[in-house]
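As the structure lists them, so they are numbered: ligands from 1, and atoms in each ligand from 1. Everything quoted here is computed from the prediction, not taken from an experiment.
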Amino acid sequence: MIYPWGTERRLNAYSDYFRRHFGQRVQKITIDAGFTCPNRDGSLGRGGCTFCNNRAFNPSYNHPEKSVRDQILQGMEFHKKRYRKATQYLAYFQAYSNTYADLDKLHALYEEALMVPGIIGIVVGTRPDCVDPLKLDFFQDLSKRCYVVIEYGIESVFDRTLLRVNRGHNVDSTYQAIKETAKRGIHVGGHLIVGLPGERREDFLETARTVSQWPLSSIKFHQLQLIKGTVMARDYQENPGDFMEFTMDSYLLLMMEMLEQLNPAMVVERIAGEVSPGLGLREGWGVRYDAVLRAFEELLEKHDSWQGKNFIATP
Ligand code: SF4
């Protein structure tokens, strides 16, 4: 069977989308451009989100002291060893809030990335409260000459959860930022955490239904990673009953139910995350992401399930 996204795979997968869009594999190169975040530098708060530890996500070639260009070149070398065929790259500004600076700085950094041969676009990770109409207009202009994704940390669609994890913004500000970005024709990505405290199975299904009504182009799911030393790790030790415990099997079953609610037009970038060994408080699943995705697609096959099977579009 061919699904609405044009393949026989049971989810609208990011890798297939890129092959359709660019005719080949496109590799992301992560960059730490030395941004901070209003939830850490004191303008909004100091502690940050209780789960935050950007160290857990940065590859070794990322260092804010290095120029953007050097990080990209080293990232390309790193990826060439693994994916020899990749010739097109996206510069992924991942660490902290990559729109949290004045326009001149944003302009200089993003232009520096786009000058590197092989870079065909940028992915900009940020918070919903770190964009404004001028910045979005700037990205709109950029998107007319290269591929641009603004990736928002949604994390949860419940205000009670955002409050508990000290996120510093509410759900409405997330929705408004996504809407304003999409309105300008910019691709909008979203990042969600599955397993934040106080959320249960029905909340996760509600999450999938909610984001399905938002103008997102792509979505990324991560199971909650409890990083040692974070405030959330302490919260977990004090209130373990507030956190869902997932084995890989139980997580994939939940993800399957969520995927069935998800808008089939939305490209699924990831269904789970990996964390560097030694940083996590709970034991990891001990498998690489490729194997997790393979197991997930086998599960979908076994249950005759697919993305959007139970999706209902609201008028
Ligand atoms: S918004 Fe991002 S960088 Fe800032 S505290 Fe939260 S997780 Fe950390």
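Atom 6 (Fe) of ligand 1 lies under 2.8 Å from an N, O or S atom belonging to C49.
Listed by atom number, the atoms of ligand 1 under 4.0 Å from F51 heavy atoms are 7 (S). Taking every heavy atom of Y96 and a limit of under 4.0 angstrom, the matching atoms of ligand 1 come to 3 (S). Interface of G48 with ligand 1, defined as ligand atoms under 4.0 Å from a residue heavy atom, comprises 5 (S). Contact atoms of ligand 1 toward C37: 1 (S), 3 (S), 4 (Fe), 5 (S) (distance under 4.0 Å to a heavy atom of the residue).
Results of the salt bridge (charged side-chain N to carboxylate O under 4.0 Å, His left out) test with E111 over R69, R145, K105 single out R145 as the only residue that passes.
Below 30°, between 30° and 60°, or above 60°: for F22 and Y147 the angle between ring planes is above 60°, a perpendicular geometry.
Under a 4.0 angstrom heavy-atom cut-off, E155 registers as lying outside contact with ligand 1.
You'll find the ring centres of F246 and W285 outside the 6.0 Å limit.
When the heavy-atom distances from atom 8 (Fe) of ligand 1 to G168, A95, C52, P128 are ranked, the shortest goes to C52.
Remark: K66 NZ to L73 CG distance equals 10.5 Å, nearest 0.5 Å.
Within the structure, the ring-ring contact (aromatic ring centres under 6.0 Å, His included) test picks out no pair touching residues 25-49 (sequence neighbours left out).
For the residue pair Y92 / E151, a side-chain donor-acceptor distance below 3.5 Å is found, with atom types taken as modelled.
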